[in-house]
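Note that the structure is a prediction, hence the values are computed from the model and not measured. Whatever order the structure lists them in is the order used to number ligands and atoms, beginning at 1.
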Amino acid sequence: MSRASSLQALYVLLGDPVHHSVSPAMQNAAFAALDRHARYVALRAWRELVEPLMRSVAGGNVTLPHKLVAAAALDRPSDAVRATGACNVFWWEQGRGLCGDNTDVAAFRAAAGAVLGSDLSGCSVLLLGAGGAARAVAYACLQDGAERVAIFNRTSEKARSLIDELGAPAALSEVDRAAGDYDLVVNATSLGLLPTDTPPIVLREVRTKALLDLVYSRDETALVRAARDAGVKATDGRRMLLEQAAASVPLWFGLEAPREVMEEALMDNV
Ligand code: NAP
């Protein structure tokens with residue numbers, strides 16, 4: 001398959017919304033530090049345009065709500081994409097076609113390890129949400145030997161299909177209330193992106209050692225603030241965002257990511 005050469009230095013973030021994203025700042029800083037003659041832009045894309053755009057550019061990332069559509073578009077999905085049904089990074093390889101991976105898995109593992117102070121083995125996790133990010137979280141928890149992952153989602157069918165897609169292991173279950181005792185709570189819903197959003201859980205009904213909010217903002221999110229006020233160790237999605245962005249760079253260029261430069265761009269632009 002041949003492609004337009006003028007777009008082969010173009011990397012894109014596909015999602016909706018994307019206006020708040022700091023990925024262009026992080027990736028353009030990385031490209032400059034690595035002396036790559038490439039540009040990274042965020043494109044608000046509707047569903048039908050995701051695959052054509054993925055097939056027109058050198059590579060990029062995918063964010064909500066398109067990670068599942070992106071996974072289905074790939075010629076060469078990684079094991080993590082196959083297992084989660086979600087793709088957040090893609091690139092074109094001559095002779096292999098459209099390749100994709102899910103770097104949210106390793107990024108979540110790193111962020112969860114930092115807030116827990118340990119790995120996920122033996123942990124009980126309350127997972128809020130059942131979209132693209134939740135798939136990466138559930139998959140990482142299972143891979144790392146979490147004892148229990150309880151999924152609470154607004155739409156019960158989506159929680160059930162997530163569980164089925166991951167092979168319905170005994171450790172994974174759906175709960176109809178966000179309540180009880182856990183080692184870690186993960187907010188993988190989009191609640192918290194807007195200042196008017198209601199919190200995804202009532203914290204007094206959940207006892208947890210740590211909380212990871214995948215949502216991020218310049219300051220701590222409302223959920224992280226509430227958790228810290230309740231004495232819970234909590235962190236927002238900035239660390240995970242940095243980790244998944246840094247993990248994209250070697251896939252595109254075969255080079256190690258300039259993490260410090262990317263972190264500085266993240267903190268300056270979030
Ligand atoms: P997604 O596939 O669109 O899934 C959205 C999830 O949020 C679904 O579970 C959905 O429930 C739930 N939700 C949306 N609006 C809701 C509402 N009003 N009340 C209750 N639940 C609601 O999105 P995603 O890609 O998984 O991303 C989810 C969040 O994680 C986003 O905020 C995203 O920015 C964040 N994220 C951060 C990182 C990072 O690196 N920090 C990485 C990935 C994602 P239904 O199933 O009922 O629709």
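In this view, Tyr216 satisfies the side chain to side chain donor-acceptor pair (under 3.5 Å) rule with no residue, not counting sequence neighbours. When the side-chain contact (heavy atoms from CB on, under 4.5 Å) test is applied to Ala29, the partners found at least two apart in sequence or on another chain are Val261, Ala265.
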Which atom pairs, donor and acceptor, lie under 3.5 Å between side-chain atoms of residues 166-178 and protein residues at least two apart or in another chain?
| residue | atom | partner | partner atom | Å |
| --- | --- | --- | --- | --- |
| Glu174 | OE1 | Ser156 | OG | 3.4 |
| Glu174 | OE2 | Ser156 | OG | 2.7 |
| Arg177 | NH2 | Glu205 | OE1 | 3.3 |

Exercise. Evaluate the side chain to side chain contact (heavy atoms under 4.5 Å, CB included) criterion for residues Asn61 and Gln27: first the C-alpha distance (whole Å), next the side-chain angles of each, then the deciding distance (0.1 Å), finally the verdict.
Key: CA-CA 10 Å; Asn61 294 114; Gln27 296 297 1; 4.0 Å; yes
Quiz item: Taking it one step at a time, do Phe31 and Phe253 satisfy ring-ring contact (aromatic ring centres under 6.0 Å, His included)?
Solution: CA-CA 10 Å; Phe31 292 3; Phe253 304 120; 5.3 Å; yes
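Here CG of Leu214 is found 5.0 Å from CG of Leu212. Values are rounded to the nearest 0.5 Å.
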May I have a table of the N/O to N/O pairs between ligand 1 and the protein that fall below 3.5 Å, each row giving the two atom names and the distance to 0.1 Å?
| residue | atom | partner | partner atom | Å |
| --- | --- | --- | --- | --- |
| ligand 1 | 2 (O) | Gly132 | N | 3.0 |
| ligand 1 | 7 (O) | Ser190 | N | 3.1 |
| ligand 1 | 7 (O) | Ser190 | OG | 3.4 |
| ligand 1 | 9 (O) | Ala130 | N | 2.9 |
| ligand 1 | 9 (O) | Asn153 | OD1 | 2.7 |
| ligand 1 | 11 (O) | Asn153 | OD1 | 3.2 |
| ligand 1 | 18 (N) | Arg154 | NH1 | 3.3 |
| ligand 1 | 26 (O) | Gly132 | N | 3.1 |
| ligand 1 | 26 (O) | Ala133 | N | 2.8 |
| ligand 1 | 40 (O) | Leu241 | N | 3.1 |
| ligand 1 | 41 (N) | Leu214 | O | 3.0 |
| ligand 1 | 41 (N) | Gly237 | O | 2.9 |
| ligand 1 | 46 (O) | Asn153 | ND2 | 2.8 |
| ligand 1 | 47 (O) | Arg154 | NE | 2.9 |
| ligand 1 | 47 (O) | Thr155 | N | 3.1 |
| ligand 1 | 47 (O) | Thr155 | OG1 | 2.4 |
| ligand 1 | 48 (O) | Arg154 | NH2 | 2.9 |
| ligand 1 | 48 (O) | Lys158 | NZ | 3.4 |

